[in-house]
Participant: 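One structure, as structure tokens, below. Some questions next.
Just so we're clear, the structure is a prediction, and the values are computed from it rather than from any experiment.
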Amino acid sequence: MSKKTTGSHAVMLSLIEEGVDYIFGYPGGAIMPVYDSMMNYQAKIKHILTRHEQGAVHAAQGYARVTGRVGVCLATSGPGATNLITGIADAMIDSTPLVCITGQVISPLLGTDAFQETDVVGISMPVTKWNYLVTKSEEIPWAIARAFYIASTGRPGPVLLDISKDAQFGELDFSYKKCTGLRSYVPKPKIDPSNIAQAAELINKAKKPYILFGQGIILGNAENEFKTFLEKSGIPAAWTILGVSALDSDHPLNMGMLGMHGNYAPNIMNNKCDVLIAIGMRFDDRVTGNLNSFAKQAKIIHLEIDHSEIDKNVKTDIAVLGDVKDSLPLLTELVEKKDHSAWIGEFKKLYKVEYEKVIKNDFFPRKEGLVMSEVIYKINERTKGEAIIVTDVGQHQMFASRYAKFRNSRSFVTSGGLGTMGFGLPAAHGAKIGAPDREVILFVGDGGIQMTIQELCTINQTRAAVKIVLLNNKYLGMVRQWQEMFFNKRYAETYLMNPDFIQVAKGFGIPGKKILSRPELDAGIDEMLNYKGAFLLEVSIEKENNVFPMVPVGASVSDVILEPQS
């Protein structure tokens, strides 16, 4: 049954039909009709006014990552729309489902360079799963239904709808029908049983099989299916930075993190295994290092939902296209239960090497000053691995992914593929909105926090109890590390003259405490965790504290640097 309404009301009614409970956004002229209509639906949808459109899209990402639902953000035309692009690009490469709605000038003015007109559909085309310019009010329900379906199915991703102002004002007979399928769009490829059989045969014959798993397990809600497969096969497994928390950190088959700053054994074993089973990961360059020397000795099995990722970077021997929630049980039925304890023992030997050369010094630093790893480890230990951890981008991100332990899935939120500084603070806010009953702890550097520091005001306004741990070394730490190692310690423009962060937070209504030495740390952590609302814990960190191991850009994963070179 249809009813007469305006386009702007149709936007809100459509979002309600899709079960949206939160919108993150910032108003402006071209989206004003939607904001006016929003006043009528406050009992069903809450709007969170961020202090910048980039804050809105990153908050929507944080919300989506912890809930598994589609994040929604709203912005006006021109600069409002372009301010979303960084977050949209971030969501695209990290497979985060978003629906971003922007206002646009009235349709007769399109292409005239009108005030605050930008071709945001053209701009966003390379970084969206789908986008569409709506110029007629009657298109709005259809476009929103399509947007939610595309964003949330298959390999998830961001969708952008640009709605002209006259479409928002126009009238239509509103009725809503959820989208359940589109011609030529196949979100879940049909699984080929012969490929499953071939994969199982390879695995059963393998002497040194090895699993690399990524975020695809989390996105497919296949954590239980993966664990069943892992435990029946007995195969050691390592994770990408976005795959962390898909498997309990203390699971006996969990060997640690892959990649540039990953654990020693997982990187070395890429080039020692005989069968490599990649599940829901895309062979990113930060995982593979030099492709010419990556796992050349191994047969490669790739379980993946996105056909474009097959053979894109690493040539596959057997590709199992499909949703891992469906393909893993089929593979589990055919794999034989094996004892790979001798092979796992090789991982453990390499772990001991890493412990002596790296981990021991990170946990029990020889320096007088505090280091990031010990702060992260202490806080994670205090929360028993139950907290959602959000990071910005930099050294603290690598330390957090290496040393935080996780008991539950969807517990680590970070910018993986794009590496967006400024992501952390708004993403932590969105995560807390999405998971209000869970502790949300943000680890952020002094560089990254200043990119979106205005979102402290949004956090205070919503009373979101985000715990912010600012690890302050007065440098752009990761860039400084590269300058130290590869540019003869020429620290070009990486030193930061910072504000008094505690006073800044206080100005935004958030209390804080500054930690200068190790004896103060435990009490500071207690004060932060016991405080009922948002809290900023600033910790002064050693300036020249580097993240190891490290695989240099362009090097083989076997060329891992474990300690500073003389």
Side-chain angles (χ1 to χ4, degrees), residues 86 89-90 93-94 240-242 256-264 266-268 270 283-294 354 357-359 361-362 365-367 369-376 391-403 414-424 443-451 470-498 539-566:
T86 296
D90 193 288
I93 200 165
D94 281 355
T240 69
I241 193 170
L242 294 182
M257 183 171 78
L258 296 160
M260 177 175 281
H261 291 290
N263 294 107
Y264 186 48
N267 280 323
I268 293 293
N270 281 315
F283 290 112
D284 172 74
D285 65 295
R286 290 293 168 102
V287 162
T288 64
N290 189 329
L291 286 169
N292 293 325
S293 58
F294 179 78
E354 183 181 353
K357 292 195 173 186
V358 181
I359 298 170
N361 296 329
D362 283 346
R366 296 166 186 165
K367 296 180 179 180
L370 286 159
V371 293
M372 294 182 187
S373 49
E374 64 177 312
V375 177
I376 291 164
T391 81
D392 205 81
V393 170
Q395 288 180 311
H396 66 274
Q397 177 189 32
M398 295 299 108
F399 279 122
S401 56
R402 280 176 56 77
Y403 292 133
T414 196
S415 172
L418 200 64
T420 305
M421 287 181 68
F423 171 89
F443 292 107
V444 62
D446 45 319
I449 197 172
Q450 291 184 77
M451 291 194 170
L470 170 57
L471 298 166
N472 186 354
N473 59 8
K474 297 183 180 177
Y475 271 95
L476 298 175
M478 188 59 86
V479 184
R480 187 215 56 76
Q481 176 171 336
W482 282 50
Q483 288 173 334
E484 178 186 334
M485 295 178 69
F486 308 117
F487 291 88
N488 299 315
K489 294 190 176 182
R490 290 162 61 86
Y491 298 147
E493 300 301 323
T494 45
Y495 170 75
L496 294 171
M497 188 178 78
N498 289 323
V539 186
S540 290
I541 296 298
E542 281 286 325
K543 295 179 178 62
E544 295 190 349
N545 172 224
N546 293 336
V547 190
F548 289 105
M550 181 177 184
V551 179
V553 172
S556 166
V557 288
S558 299
D559 299 328
V560 185
I561 300 172
L562 281 172
E563 52 195 349
Q565 306 296 293
S566 56

Participant: Without swapping roles, check the side chain of Asp94 against the backbone of Gly416 for a donor-acceptor pair under 3.5 Å.
Facilitator: yes

Participant: Can you name the closest pair of heavy atoms from Pro549 and Val560 and give their distance?
Facilitator: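 Nearest pair, atom of Pro549 first, then Val560: CB-CG1, 3.3 Å.
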
Participant: Has the side chain of Gln483 got a donor or acceptor atom that lies under 3.5 Å from a matching backbone atom of Ala492?
Facilitator: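 A pair under 3.5 Å: yes.
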
Participant: Just how far is it from atom CD1 of Ile359 to atom CG of Leu562, taken to the nearest 0.5 Å?
Facilitator: 10.0 Å

Participant: I need the Glu484 CD to Lys543 NZ distance, nearest 0.5 Å.
Facilitator: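 One gets 13.5 Å once the value is rounded to the nearest 0.5 Å.
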
Participant: How far apart are the closest heavy atoms of Thr420 and Ser415, and which atoms are they?
Facilitator: N-OG, 2.9 Å

Participant: Look up atom CE in Met485 and atom CE in Met550, then write down how far apart they are to the nearest 0.5 Å.
Facilitator: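 Result: 5.0 Å between the selected atoms.
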
Participant: Measure across Glu374 and Pro365 and return the closest heavy-atom pair with its distance rounded to 0.1 Å.
Facilitator: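 That closest heavy-atom pairing would be OE2-CG, 3.3 Å.
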
Participant: Can Ile241 and Arg286 be said to form a side chain to side chain contact (heavy atoms under 4.5 Å, CB included), step by step?
Facilitator: CA-CA 10 Å; Ile241 193 170; Arg286 290 293 168 102; over 6 Å; no

Participant: Tell me whether His261 contacts the main-chain N or O of Phe548 through its side chain, where contact means a donor paired with an acceptor under 3.5 Å.
Facilitator: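 Flag not set: sc His261 to bb Phe548 has no pair under 3.5 Å.
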
Participant: Roughly how far, to the nearest 0.5 Å, is CZ of Phe294 from CG of Asn270?
Facilitator: 4.0 Å

Participant: Going by heavy atoms in the side chains, are Glu493 and Leu476 under 4.5 Å from each other?
Facilitator: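 Not touching, per the 4.5 Å side-chain cut-off.
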
Participant: In this structure, which one of Asn546, Asn473, Thr494 forms a side-chain hydrogen bond (donor to acceptor under 3.5 Å, both in side chains) with Arg480?
Facilitator: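 Of all the options given, the one that passes is Asn546.
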
Participant: Using modelled atom types only, decide if a donor and an acceptor are shared between the side chain of Glu354 and the backbone of Asn263 within a distance under 3.5 Å.
Facilitator: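 Flag not set: sc Glu354 to bb Asn263 has no pair under 3.5 Å.
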
Participant: Measure from the side-chain N and O atoms of Asp392 to the backbone N and O of Met421, and report whether any donor-acceptor pair falls under 3.5 Å.
Facilitator: no

Participant: Is there a side-chain contact between Leu242 and Thr414 (heavy atoms, below 4.5 Å)?
Facilitator: yes

Participant: Suppose we screen for side chain to side chain contact (heavy atoms under 4.5 Å, CB included). Which residues come up paired with Asn498, at least two apart in sequence or across chains?
Facilitator: Asp446, Gln450, Asn472, Lys474, Leu496, Phe501

Participant: With rounding to the nearest 0.5 Å, note down the distance linking NE2 in His396 to CD1 in Ile376.
Facilitator: 7.5 Å

Participant: So Arg402 and Val358, side chain to side chain contact (heavy atoms under 4.5 Å, CB included) or not? Walk me through it.
Facilitator: CA-CA 11 Å; Arg402 280 176 56 77; Val358 181; 3.9 Å; yes

Participant: Distance check, rounded to the nearest 0.5 Å: Asn267 atom CG versus Ser558 atom OG?
Facilitator: 8.5 Å

Participant: Would Val539 and Met372 count as a side chain to side chain contact (heavy atoms under 4.5 Å, CB included) if you check the C-alpha gap in whole Å, the side-chain angles of each, and the deciding distance to 0.1 Å?
Facilitator: CA-CA 9 Å; Val539 186; Met372 294 182 187; over 6 Å; no

Participant: Closest heavy-atom contact between Ile561 and Glu563?
Facilitator: CG2-O, 3.2 Å

Participant: Do Phe399 and Thr391 make a side-chain contact, defined as non-hydrogen atoms from C-beta onward lying under 4.5 Å apart?
Facilitator: no

Participant: So which heavy atom on Val393 is nearest to which on Gly419, and how close?
Facilitator: CG2-C, 3.5 Å

Participant: Can you say whether the rings of Trp482 and Phe486 are parallel (under 30°), tilted (30 to 60°) or perpendicular (over 60°)?
Facilitator: perpendicular

Participant: Under 3.5 Å, is there a donor-acceptor pair between the Tyr475 and Gln395 side chains?
Facilitator: no

Participant: If you apply the rule side chain to side chain contact (heavy atoms under 4.5 Å, CB included), what do you find for Ile541 with Val375, and how did you get there?
Facilitator: CA-CA 9 Å; Ile541 296 298; Val375 177; 4.2 Å; yes

